[in-house]
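A short worksheet on the structure shown next.
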Amino acid sequence: MLGFTLFNPTYIDYYKKFVDATKTVAIAMEKNGNTKIGIQQALSHNFAFSGVTGTIKFLSWGDRISKVVLFHIQPDTQALTGYNFARKYYKQFGIIR
């Protein structure tokens, strides 16, 4: 692939999130079994751990407590598809930063 490098900062961010997501599910399964309901219950009862991207916590209804990063698609002549994602703005609990 043209322009693809394994250690591109964009991909490193994805790897970090992947590691945290995998660890989240593994810890939830250890705490409460490997069913969908068991994982959901584990995440909704004071679940927290220190991950690669920071502290991982969830609200009682399942939403993660964290910064949300929004992207918009913009033209990019360097991208294979002609488009790329650009960060739009940050939001934490409804507060736009």
Side-chain angles (χ1 to χ4, degrees):
M1 266 199 240
L2 295 174
F4 175 83
T5 59
L6 187 59
F7 296 106
N8 178 318
T10 301
Y11 296 108
I12 291 172
D13 287 344
Y14 292 136
Y15 296 144
K16 289 177 183 178
K17 291 173 187 171
F18 174 77
V19 168
D20 282 350
T22 303
K23 189 172 179 180
T24 297
V25 173
I27 292 171
M29 289 171 66
E30 285 176 356
K31 286 186 174 190
N32 221 28
N34 63 354
T35 65
K36 181 178 177 181
I37 300 290
I39 293 168
Q40 182 181 19
Q41 288 173 347
L43 296 178
S44 66
H45 292 96
N46 296 323
F47 182 91
F49 75 92
S50 181
V52 178
T53 61
T55 301
I56 310 299
K57 289 188 198 180
F58 292 86
L59 297 169
S60 61
W61 55 87
D63 289 347
R64 182 174 172 202
I65 301 171
S66 70
K67 283 184 181 176
V68 175
V69 181
L70 300 176
F71 293 89
H72 65 275
I73 299 171
Q74 66 181 21
D76 183 350
T77 58
Q78 302 294 322
L80 290 174
T81 61
Y83 295 93
N84 211 338
F85 294 96
R87 290 181 182 205
K88 194 166 185 181
Y89 61 87
Y90 294 88
K91 180 177 136 181
Q92 184 173 3
F93 274 2
I95 300 169
I96 298 174
R97 292 183 166 191

Subject >> Heavy atoms from other residues, nucleotides or ligands near OH of Y83 exceed 12 (cutoff 6.0 Å) >> reply: no
Original post:
Hey, any chance F47 and I65 share a hydrophobic cluster, counting ILVMFWY side chains that come within less than 4.5 Å of each other, even indirectly?
Top reply: no
Original post:
Do F58 and V25 share a hydrophobic cluster (ILVMFWY, side-chain heavy atoms under 4.5 Å, transitive)?
Top reply: yes
**OP:** Flag yes if I56 and M29 sit in one hydrophobic cluster, no otherwise; membership is Ile, Leu, Val, Met, Phe, Trp, Tyr, and two members link when side-chain heavy atoms are under 4.5 Å apart.
**Re:** yes
Subject >> Nearest non-hydrogen partners of S60 and S44, listed with the distance >> reply: O-CB, 3.1 Å
Subject >> Residue pairs involving residues 23-38 (criterion side-chain hydrogen bond (donor to acceptor under 3.5 Å, both in side chains); sequence neighbours excluded) >> reply: N32-Q41
Original post:
Can you check whether G51's main-chain N or O pairs, donor with acceptor, with D20's side chain at less than 3.5 Å?
Top reply: no
**OP:** Please name the pair of heavy atoms, one in R64 and one in T55, separated by the smallest distance, quoted to 0.1 Å.
**Re:** NH2-O, 3.9 Å
Subject >> Side-chain touch I37/Q40, heavy atoms, less than 4.5 angstrom >> reply: yes
Subject >> Straight-line distance of L43 CG to L59 CG, nearest 0.5 Å >> reply: 11.5 Å
**OP:** Provide the closest heavy-atom pair for A42 versus A28 in the form atom of the first, atom of the second, distance.
**Re:** CB-O, 3.7 Å
